[in-house]
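Inspection log for the structure reproduced underneath, given as structure tokens.
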Amino acid sequence: MPADMLTQARRFSLWLSRQLDSGQLDTARLQPLLEAPLRPQDFAGFAPWASIAAAADEAELARQLRLLRRYVLAQIMVRDLCGAAPLAEVTESITRLADFAVNTALAFAEAHYAALYGTPIGRYSGAAQHLSVVAMGKAGGFELNVSSDIDLIFVYPEAGETDGRRSRSNQEFFTKVGQKLIALLNDITADGQVFRVDMRLRPDGDSGALVLSETALEQYLIVQGREWERYAWCKGRVITPYENGIRSVVQPFVFRKYLDYSAYEALRGLHRQIRSEVSKKGMQGNIKLGAGGIREVEFVAQIFQMIRGGQNRSLQLKGTQETLAALAEAGILAPEAAARLLEAYRFLRRLEHRLQYWDDQQTQTLPESPEQQALLAESMGFASYEVFSGSLNEHRSHVAEQFNHILSSPEEAESAAGQPLDELWQGEADAAEWAGELAGLGFEHAQAAAERLAQIRSSSRYRHLSVRGQQRFDAVLPRVIAAAAESSRPADALPRLLDFLDSISRRSAYLAFLQKYPAALKQVAELMAQSPWLAEYLQQHPVLLDELLSAQLMERPNWPQFIGALSGSLQAAGDPEAKMDVLRRFKHAQTFRLTVQDLAGLWPLEALSDQLSYLADILLEHTLQHVWQAMPKVHRPMPQFAIIGYGKLGGKELAYASDLDLVYLYDDSAPEAADVYSKFARRLTTWLSGSTGAGTLYQTDLRLRPNGDSGFQAHSLEAFAKYQHENAWIWEHQALSRARFVAGSPEVGRKFEAIRRQILSLPRDEAQLRQEVADMRNKMLPTHPAHESNVKYARGGVVDVEFIVQFWVLLHARRYPELLENYGNIALLDIAARRGLVSPEAAARTAAAYRHYRQVQHRQQLHGAGAVQVDAALLAHYAQVAELWQTVFGEAIR
């Protein structure tokens, strides 16, 4: 089989034919390599295989490295051309050869100069110093092509001197090491070269120092680092044994903590420059740099890494293929678009390799010779060059379409609709001119809006913007007005949008987003037009703008996928505050998505509450785990601790801004348990309700714990059970009917549920219970007056429905255990009717009233409906519940 493979492959490569015919390649030595992919351990074994370990001098080492390259290239080429090697095998094999060659040359060079000058020693640490070699570009991403050069950067830890008799500074020592490494790989000898070495990506390029310390690198990146260098460093990978501190230096430069939409402009500029060069040199047939080529696929992948990689660590990847897959997984790219880009990328890279196999030249240009064209098409699996060209053009067309969609300039995407507004703003029109224009666009209160615009123009916030920031603000403001005018409620949208724009004016990246995505700006305008709550939420968390671009924005939550991403981000986050930020960003993103879907009418209210409650459950579980991990001293790997949800969380009726009513319980006999869990509870509450740069997670209320505010923050199960049996008020048993285990130890959760069922199933005197529940309701009236405009506390409102249901649970759960299930009030009303506790008609009317009240509350919060309209329908619902109250409690509602 290997002999047949050689015969097949040599037809498509002049270089391979020459090597075989001249005897430069020994077929007996080559054929065993063709049977399987080269594995990482094979490269470690190449030192003795190529006699490299025995190389006595520099010339011999250089020769053996070139010989090794010849055999590895032939192995890759033959397996690929015979269809035995997928793209990943080809690029990984040639990249591992580069890693091996660099490390071999580095070891030789360091040993050579250490013998002359001694070991370099750090001035501050006093430790021996070693050079780190960073592979950039395709070498960094394990994506080298077979005839590629390698982009390298040399970095050493710190200044100092060698400890030999002929001492040299570390800078001089490592410069010599770097020069020798380059010569060993790059110099062309009778045996060719190993790799062309390109050092131009180092700070200051060809005019900069060949090697630099980590401190010098950090200073350069902070002071002078440009956007294209962030792009280059995305793929930077230390390929030598000593990484030193490079990651901590480079990471914050490449992956910003915030969403960085200004990267669009930088990559557009870089791409324009490349396109211009291609045009000048007549390289339109270049499958790497031309339209729809390899570089455009790489740009699509890396633009999202640069923008979002600081917040989404799952995007901090090196390879283009894995990055595209991660973008689809995260919903940033539509799965179909990512799949087609991946298919095109693999096609183009396979084609690139075949162009280079022909004569071992670093070329990406299609051949002009008909004979070579026919062979190229055949090697790609096509019957003719024409059919091959059609497939190539289809792939390039799709890539170009995606690239233009993602990286087109705002000017290319923008219509002329905003031009008159541009002229007014740029011309610094007065309030009267603005009022006339705004009235013409259909805005009510045009004069007030015009005065607001004049106020923005004269504000110190606007006048003190940077030049770039003011340019972006000036570009966006007219488009904001146009978007408000096109919304369903222009008069509501415009002031909210202007408040939002004013609040983000100093955060240039968000202005860049609104400028880049006119369609997203229109969506923001419509969302703000519909919901003042969402407008305020976006103003507090403008990072949520990014969610508008998610391919999953309008899809039902894929909770397993989201939980996996949250877990990964929390593990990658370092300190507690970083983890708190991860939790908050996750909550805000999921809440925003649900709100957008809710405004689009995709969620019934009960189902939406279920989603918000499940989101809280997820966050409580992850918070509990990571707080425990952050505890300085714990006596067990996982806590015997449970979070119990009461109220809306317990009943799975959470709204967007609901507080969490929580009780903390533990079941642990360790002597230190009480102290440990007390500290744990305090930290847990801080993680949940404390404010960070990403906002707050939830406001928590712990007053339902035994003894309320005067009680311990965490209670043992034994103490909790004793309190419920001996000291709890009837209202605390009522509250227990809506309590459930939410997070923590399932065993503790099961024990809590057993206690809950036991307490709720206690025998109770019906008359006494009826009187106690009714008295408790009356005690609420002074602090919560029963106004008809407040559907929660109005007589016949939400609280009365809840008290009726809780009365039935406490009185009848002993006989009807299904009342103990935490199904929610509407379901419990149905169970009560089926058990004959209430007529089906009365239960249905009460359920309808309760559902109506919740809709009113939801509408008030989301749409800012203002005071509740006390109409005939609402009064009829109050009357239905009041009638049931009188039936159950034997007294008329006062």
Side-chain angles (χ1 to χ4, degrees), residues 9 11-17 73 76-77 80-81 87 90-91 94 137-138 141 143-149 151 196 198 231 267-302 320-321 324 340-408 412:
R11 296 179 56 244
F12 306 114
S13 173
L14 291 177
W15 178 86
L16 182 61
S17 294
L73 179 58
I76 293 170
M77 183 182 298
D80 189 9
L81 289 169
L87 174 62
V90 174
T91 56
I94 195 68
K138 285 186 167 64
E143 295 176 333
L144 276 182
N145 55 54
V146 290
S147 297
S148 180
D149 55 10
D151 295 292
R196 290 176 296 277
D198 192 333
Y231 175 83
L267 281 194
R268 274 197 299 268
L270 182 56
H271 188 260
R272 276 195 299 269
Q273 181 182 341
I274 292 170
R275 280 273 178 91
S276 175
E277 302 254 334
V278 169
S279 179
K280 283 180 191 173
K281 296 177 181 178
M283 296 164 57
Q284 283 77 6
N286 187 301
I287 63 161
K288 176 182 178 181
L289 303 178
I294 295 166
R295 181 58 57 83
E296 291 190 353
V297 183
E298 294 170 342
F299 271 27
V300 168
Q302 285 190 252
T320 300
Q321 294 191 75
L324 288 172
R340 291 194 65 184
L341 283 171
L342 267 171
E343 184 183 2
Y345 179 76
R346 289 167 181 156
F347 183 96
L348 292 167
R349 291 301 309 273
R350 288 179 60 240
L351 173 57
E352 177 185 40
H353 288 140
R354 279 149 181 74
L355 294 173
Q356 296 178 358
Y357 292 154
W358 182 250
D359 203 15
D360 189 19
Q361 297 293 316
Q362 189 184 20
T363 180
Q364 287 91 13
T365 303
L366 295 168
E368 297 181 1
S369 157
E371 293 80 11
Q372 194 179 341
Q373 288 176 348
L375 286 168
L376 176 63
E378 185 183 346
S379 72
M380 289 289 290
F382 291 90
S384 69
Y385 191 72
E386 289 70 27
V387 177
F388 155 77
S389 296
S391 183
L392 171 62
N393 291 337
E394 184 179 341
H395 282 303
R396 293 184 69 170
S397 174
H398 177 70
V399 170
E401 179 185 342
Q402 284 294 316
F403 177 85
N404 291 332
H405 171 68
I406 292 167
L407 271 152
S408 60
E412 293 166 352

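Positions are given from 1, in the same order as the sequence printed here. Heavy-atom basis, side chains included; hydrogens, waters and symmetry copies ignored.
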If I take atom [atom1] from residue [X] and atom [atom2] from residue [Y], how far apart are they, to the nearest 0.5 angstrom?
| X | Y | atom1 | atom2 | answer |
| --- | --- | --- | --- | --- |
| M380 | H353 | CE | NE2 | 11.5 Å |
| K138 | D151 | NZ | CG | 9.5 Å |
| R346 | R350 | CZ | CZ | 11.0 Å |
| E394 | S389 | CD | OG | 12.5 Å |
| I294 | Q364 | CD1 | CD | 6.5 Å |
| L87 | Q321 | CG | CD | 5.0 Å |

Would you say the side-chain atoms of [X] pair up with the backbone N or O of [Y], donor to acceptor, closer than 3.5 Å?
| X | Y | result |
| --- | --- | --- |
| R354 | D80 | yes |
| Q402 | L341 | no |
| R196 | S147 | yes |
| S391 | V387 | no |
| E296 | A291 | no |

Kindly give the heavy-atom pair with the smallest separation between [X] and [Y], and that separation in Å.
| X | Y | answer |
| --- | --- | --- |
| A301 | T320 | CB-CG2, 4.2 Å |
| L144 | D149 | CD2-O, 3.7 Å |
| L81 | S379 | CD2-CB, 4.1 Å |
| Q373 | Y385 | O-CD1, 3.2 Å |

### Message
With side chain to side chain contact (heavy atoms under 4.5 Å, CB included) as the criterion, how do V300 and V399 come out once you've worked through the C-alpha distance, each side chain's angles and the decisive distance to 0.1 Å?
### Response
CA-CA 9 Å; V300 168; V399 170; over 6 Å; no
With heavy-atom distances below 4.5 Å as the criterion, would you say the side chains of [X] and [Y] are in contact?
| X | Y | value |
| --- | --- | --- |
| V297 | L324 | yes |
| L355 | T365 | no |
| H398 | E343 | no |
| V146 | M77 | no |

- Query: What's the verdict on side chain to side chain contact (heavy atoms under 4.5 Å, CB included) for L73 and W15, showing C-alpha distance, side-chain angles and the deciding distance?
  - Reply: CA-CA 10 Å; L73 179 58; W15 178 86; 3.8 Å; yes
Query raised in the report: Considering the options I76, L14, L376, which one meets the side-chain contact (heavy atoms from CB on, under 4.5 Å) requirement together with Y357?
Result: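 Per the side-chain contact (heavy atoms from CB on, under 4.5 Å) rule, the option paired with Y357 is I76, out of I76, L14, L376.
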Measure the acute angle between the ring planes of F347 and F388, then classify it against the limits of 30° and 60° as parallel, tilted or perpendicular.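 Ring orientation, 0 to 90° scale: parallel.
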_Electrostatic pair R295-E298, nearest N-O below 4.0 angstrom_ =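 So R295 pairs with E298 through a salt bridge.
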